[in-house]
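Comments concern the structure below.
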Number of protein chains: 2
Amino acid sequence: MASVVKISRRKATARTPMREPRVRLEVEERRRQLIELGLQHFGERAYDDVSIDAIAEAAGISKGLLYHYFPTKRAYYAATVREGAARLVASTDTGEGADPLVSLDAGLDAYLTYVKAHAKAYATLMRSGVGVDPEIARIVDETRATFVERLIAGFAGSQSSGFLDAPVVRLALRGWVGFAEAASLGWVEAIAAGTPTPSQDEVRALLGGAMMEIVRSALRGLTREAARG
Amino acid sequence: MASVVKISRRKATARTPMREPRVRLEVEERRRQLIELGLQHFGERAYDDVSIDAIAEAAGISKGLLYHYFPTKRAYYAATVREGAARLVASTDTGEGADPLVSLDAGLDAYLTYVKAHAKAYATLMRSGVGVDPEIARIVDETRATFVERLIAGFAGSQSSGFLDAPVVRLALRGWVGFAEAASLGWVEAIAAGTPTPSQDEVRALLGGAMMEIVRSALRGLTREAARG
DNA sequence: CCCTCTATTGACTGCTGTTCAATACGCCCT
DNA sequence: AGGGCGTATTGAACAGCAGTCAATAGAGGG
């Protein structure tokens with residue numbers, strides 16, 4: 001944990017030109033620094049537009065060292081996406097609320113606040129990352145699944161909780177996550193563009209309402225199905 | 001339009017080894033061929049995993065020629081995405097139906113059929129493409145906007161058509177497009193994985209029902225808002 | 001003060017996107 | 001038929017970047 005770093009400076013003379021002295025960090029600290037830099041860079045530019053050299057230079061290290069910590073550029077990128085997703089999940093975890101509806105609203109509000117605060121990075125990570133590598137797609141999908149699980153857990157004990165495992169309902173919930181992503185992206189983009197924009201409360205109400213209606217719609221189809229067959 | 005191609009063959013001798021004779025195509029034809037190849041390759045592999053050399057080899061041309069038709073790899077990729085999006089839009093255009101509801105159902109059915117038929121390519125294009133270049137993101141966004149416009153046009157003349165331009169409703173519709181994409185992706189993935197899967201009719205009903213409810217929900221919030229303020 | 005352990009370097013490789021001057025194929029004119 | 005011309009096409013050369021590896025230096029311990 002010793003975050004104390006000793007640096008031995010040297011004089012720059014005519015014979016031996018000034019070289020940046022090595023800065024030796026502990027493994028975990030270096031790793032954190034690199035992931036932090038990755039979040040910054042990949043949050044602003046597309047994957048292809050971020051070079052390992054640029055990261056290394058920004059970190060003040062050599063390219064080779066980065067490959068000591070991450071086997072490939074994709075693995076490095078995957079690590080940053082994993083971190084970003086973890087932060088998103090953590091920041092929207094409102095714990096076990098007494099009332100699932102209140103809990104849902106709190107979670108959505110935290111989600112929107114997060115998206116608004118990290119608009120560009122959120123957009124870049126969610127949009128740009130997926131195509132680069134199956135591994136990254138898996139991470140994003142698992143993050144979405146986490147949200148779905150959370151939603152289902154919130155509604156366990158509700159009247160028709162038995163139907164919540166039905167394929168249609170799972171599909172509906174997955175779709176709703178897509179709805180939330182698209183709507184929130186549109187929201188922050190509209191804010192950035194300066195066009196007339198609904199308030200965060202309105203958007204939250206929209207997302208919450210949409211979820212109720214989507215699930216209800218799926219359940220309705222389900223019971224209609226059950227009544228027939 | 002002359003699609004007749006004359007090929008002059010040569011004998012392969014010991015002194016002058018067999019070389020593939022040049023095949024000279026007209027500009028439009030070559031362009032079509034390349035875009036078709038692009039749809040195939042980018043539909044199966046991620047952007048980075050498709051090399052210009054591979055495309056050139058598959059087309060039986062030199063790498064340089066491809067750069068005669070497209071200035072950069074990204075531009076080439078953008079052209080293929082544009083073509084793919086155009087086909088999707090065209091194949092789901094059911095014309096002006098008498099009843100907007102019937103028209104909606106027909107459009108959704110065509111959409112799902114298309115997605116199921118081009119599952120892999122659809123997934124790759126929609127997921128992978130966006131992050132590569134702002135240009136591609138613009139194309140995808142415009143495609144989504146086209147769907148939204150179509151939906152709105154279908155419901156013009158409906159009772160509360162005056163509210164359809166409200167920011168909340170536009171956001172709701174954009175969100176619904178995200179919903180449709182996520183749900184249909186989940187659907188075809190579930191089919192591919194062999195897990196229990198709703199029928200196409202069920203999914204169509206889910207999408208249609210969700211749209212009605214989402215828009216209704218957004219409008220309800222709107223009128224409530226109007227009543228207050 | 002030296003020794004060791006390892007975080008760190010930097011030069012090297014190979015692949016891939018991109019450029020460009022040269023080339024050859026097909027068409028048209030005589 | 002054949003020669004000239006326009007242009008589709010080539011292929012070699014360039015540049016930049018991901019990834020490799022043997023060598024190095026800096027810090028901590030004996």
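Protein chains get the first letters and strands the later ones, always in sequence-line order, with residue 1 at the start of each.
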**OP:** Name all residues meeting the ring-ring contact (aromatic ring centres under 6.0 Å, His included) criterion together with Y114(B); count only those two or more places apart in sequence or in a different chain, and write none if there are none.
**Re:** H118(B)
Original post:
Charged N to carboxylate O under 4.0 angstrom, R170(A) versus E149(A)?
Top reply: yes
**OP:** Rounded off to whole Å, could you give me the NZ-to-P distance for the K73(B) and dG17(C) pair?
**Re:** 4 Å
Distances for protein N or O near nucleotides 14-16 of chain D N or O, under 3.5 Å:
none

Original post:
Rounded to the nearest Å, what distance is computed from the OH atom of residue Y76(A) to the P atom of nucleotide dG19(D)?
Top reply: 13 Å
Original post:
Where each residue is assigned the nucleotide of DNA chain D containing its nearest heavy atom, which of G60(B) and D53(A) is assigned the position nearer the 5′ end?
Top reply: G60(B)
Original post:
Under 4.0 Å between a side-chain N/O of Y67(A) and OP1 or OP2 of dG19(D), yes or no?
Top reply: yes
Original post:
Who passes side-chain hydrogen bond (donor to acceptor under 3.5 Å, both in side chains) against D105(A), sequence neighbours left out?
Top reply: R204(A)
Original post:
Can you tell me how far P of dT8(C) sits from CZ of R31(A), to the nearest Å?
Top reply: 13 Å
Subject >> Qualifying residues under side-chain contact (heavy atoms from CB on, under 4.5 Å), relative to E189(B), sequence neighbours excluded >> reply: R174(A), R127(B), L185(B)
Subject >> Side chains of W176(A) and V215(A) in contact at under 4.5 Å (non-hydrogen atoms) >> reply: no
**OP:** Please identify each residue that fulfils side-chain contact (heavy atoms from CB on, under 4.5 Å) with S51(B), with sequence neighbours left out.
**Re:** D53(B), A54(B)
I'd like a table of atom pairs between the protein and nucleotides 5-7 of chain C - only N or O on both sides, under 3.5 Å - with the distance next to each one.
{"from": "dT6(C)", "atom 1": "O2", "to": "R24(A)", "atom 2": "NH2", "distance (Å)": "3.0"}
{"from": "dA7(C)", "atom 1": "OP2", "to": "H68(A)", "atom 2": "NE2", "distance (Å)": "3.4"}
{"from": "dA7(C)", "atom 1": "O4'", "to": "R24(A)", "atom 2": "NH2", "distance (Å)": "3.4"}
{"from": "dA7(C)", "atom 1": "O3'", "to": "L25(A)", "atom 2": "O", "distance (Å)": "3.4"}

Original post:
Does R150(B) have any side-chain hydrogen bond (donor to acceptor under 3.5 Å, both in side chains) partners at least two apart in sequence or in another chain, and if so, which?
Top reply: T92(B)
Original post:
So does K63(A) reach the base of dG10(C) with its side chain, donor to acceptor, closer than 3.5 Å?
Top reply: no
**OP:** Please name all residues satisfying side-chain contact (heavy atoms from CB on, under 4.5 Å) with A58(B), sequence neighbours left out, ordered by chain then number.
**Re:** L37(B), H41(B)
**OP:** To the nearest Å, give me how far apart CD (E57(A)) and P (dT9(C)) are.
**Re:** 13 Å
**OP:** Take atom CG of L66(A) and atom C1' of dG19(D), then tell me their distance rounded to the nearest Å.
**Re:** 11 Å
Sequence neighbours left out, cut at 3.5 Å: what donor-acceptor pairs do the side chains of residues 75-89 of chain A make with other protein atoms?
{"from": "Y76(A)", "atom 1": "OH", "to": "L34(A)", "atom 2": "O", "distance (Å)": "2.6"}
{"from": "Y76(A)", "atom 1": "OH", "to": "G38(A)", "atom 2": "N", "distance (Å)": "3.2"}
{"from": "Y77(A)", "atom 1": "OH", "to": "G129(A)", "atom 2": "N", "distance (Å)": "3.4"}
{"from": "T80(A)", "atom 1": "OG1", "to": "Y77(A)", "atom 2": "O", "distance (Å)": "2.6"}
{"from": "R82(A)", "atom 1": "NH2", "to": "E135(A)", "atom 2": "OE2", "distance (Å)": "2.9"}
{"from": "E83(A)", "atom 1": "OE2", "to": "R87(A)", "atom 2": "NE", "distance (Å)": "2.8"}
{"from": "E83(A)", "atom 1": "OE2", "to": "R87(A)", "atom 2": "NH2", "distance (Å)": "3.4"}
{"from": "R87(A)", "atom 1": "NH2", "to": "E36(A)", "atom 2": "OE1", "distance (Å)": "2.9"}

Return all side-chain donor-acceptor pairs below 3.5 angstrom for residues 42-50 of chain A, not counting sequence neighbours, or 'none' if the list is empty.
{"from": "D49(A)", "atom 1": "OD1", "to": "R74(B)", "atom 2": "NH2", "distance (Å)": "2.9"}

Original post:
What integer distance in Å separates Q33(A):CD from dT8(C):C1'?
Top reply: 13 Å
**OP:** Output the residues of residues 42-51 of chain A in contact with DNA chain D, where contact means a heavy atom of the residue under 4.0 Å from an atom of the strand; sort by number or write none.
**Re:** V50(A), S51(A)
Original post:
What residues, two or more places apart in sequence or in another chain, satisfy side-chain contact (heavy atoms from CB on, under 4.5 Å) together with V27(B)?
Top reply: Y69(B)
Subject >> Protein-nucleotide distance (I52(A), atom CD1; dT20(D), atom P), rounded to Å >> reply: 12 Å
Subject >> Between dT9(D) (C1') and L34(B) (CG): distance, integer Å >> reply: 12 Å
